[in-house]
Amino acid sequence: MRIKLINPNTTQSMTDLIGDAARSVAAPGTEILAVTSRSGAASIEGHYDEAMSIIGLVDEIMDGPAADAYIIACFGDPGLLAAREITGAPVFGIAEAAMHAATFVATGFSVVTTLERTRIIAEQLVRNYGMEHHCRRVRATDVPVLELEKPESNARAIILAECERALSEDRSEAIVLGCAGMADLAHYLEDRLQVPVIDGVVAGVKFAEAIVGMGLKTSKRGDLAYPLPKTYRGKLAGYAPDTRLASTEKSRKVS
Ligand code: 2AL
């Protein structure tokens, strides 16, 4: 099966990092197609960045090659429900995937993310996903997304210290990593913390394999049905669902 792993920010080095993480767990026969959004912000750290990322995300889903499943590799899960509307293939957000995975291996988890403003967005996701009974706290580290890949930012040590506080102060039994750019930290942290550390990119890949393996597709009854045909004006005229979407979904044939 082919899983398209979409980095909705426009930083290629982060795509390379998450592509490596995804391939390290992919089953034989799973192809990981890791792509960088062609439009939008270098890093996604707020509501505006998220909103602006959705066009690039939609482009990656609507334009070929088609995939059996899609993963949105940003912890805000930007455009997740819109993405589920425009394709029948299952779509996974890394925040939703990581939180669900955490509930299988721990009663309570803490999310450790980047900035204070993304901490607030992650808290909103916890509520949207009905995870209030499982998520004990969402913690910020004040490490900006693009600093994660710079050794001089000391990001590893800062994140490790925040995880240690989460285990002692929140009484959490597992850690959910709150940014795609932390995908390479999971093993490092797990070795030191001795609790499950869940990266949503890896969780997304394994859930995608499971759901596709079960033969499940996104329901087209209700709110995730294909968007209604209507006129789109201005800069978005080309995104009218009936023109663009119909042809891409019709040509969707993946082995
Ligand atoms: C993210 C992420 O995963 N990628 C990105 O650009 N921003 N999320 C976050 N909470 O920092």
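In each ligand, atom 1 is the first atom listed, and ligand 1 is the first ligand listed. None of the values given here were measured: they were computed from a predicted structure.
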At less than 4.0 angstrom from any non-hydrogen atom of [X], what atoms of ligand 1 do you find?
X    : answer
T118 : 10 (N)
S43  : 6 (O)
T114 : 9 (C), 10 (N), 11 (O)

For [atom], what's the nearest protein heavy atom and its distance?
atom                    : value
atom 7 (N) of ligand 1  : I44 O, 2.6 Å
atom 10 (N) of ligand 1 : G178 O, 3.0 Å
atom 4 (N) of ligand 1  : C74 SG, 3.7 Å

*For ligand 1, indicate whether the residue N9 contacts it via side chain, backbone, both or neither (heavy-atom separation under 4.0 Å).*
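It is the side chain that touches ligand 1; the backbone stays farther off.
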
For ligand 1, which is the ligand I care about here, please tell me if [X] has any N or O atom under 3.5 Å from one of the ligand's N or O atoms.
X    : value
A180 : yes
T113 : yes
V145 : no
E45  : no
F75  : yes

_If only side-chain N and O atoms count, and only distance matters, is there a donor-acceptor pair under 3.5 Å linking Y226 with D242?_
no

*Should L189 and L17 be counted in the same cluster of Ile, Leu, Val, Met, Phe, Trp and Tyr side chains packed under 4.5 Å apart?*
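L189 and L17: separate clusters.
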
I need the minimum non-hydrogen distance between [X] and [Y], along with the two atoms involved.
X    : Y    : value
N9   : A42  : CG-O, 3.2 Å
V205 : A22  : CG2-CB, 3.6 Å
E85  : D223 : CG-O, 3.5 Å

_What I'd like to find out is whether the side chain of L167 reaches to under 4.5 Å of the side chain of I175, using heavy atoms alone._
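The answer is yes; the side chains approach within 4.5 Å.
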
*Whether over 12 other heavy atoms sit under 6.0 Å from R117 CZ*: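 Open.
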
*Please determine if R136 and D170 form a salt bridge, counting it only when a charged side-chain N lies under 4.0 Å from a carboxylate O.*
no

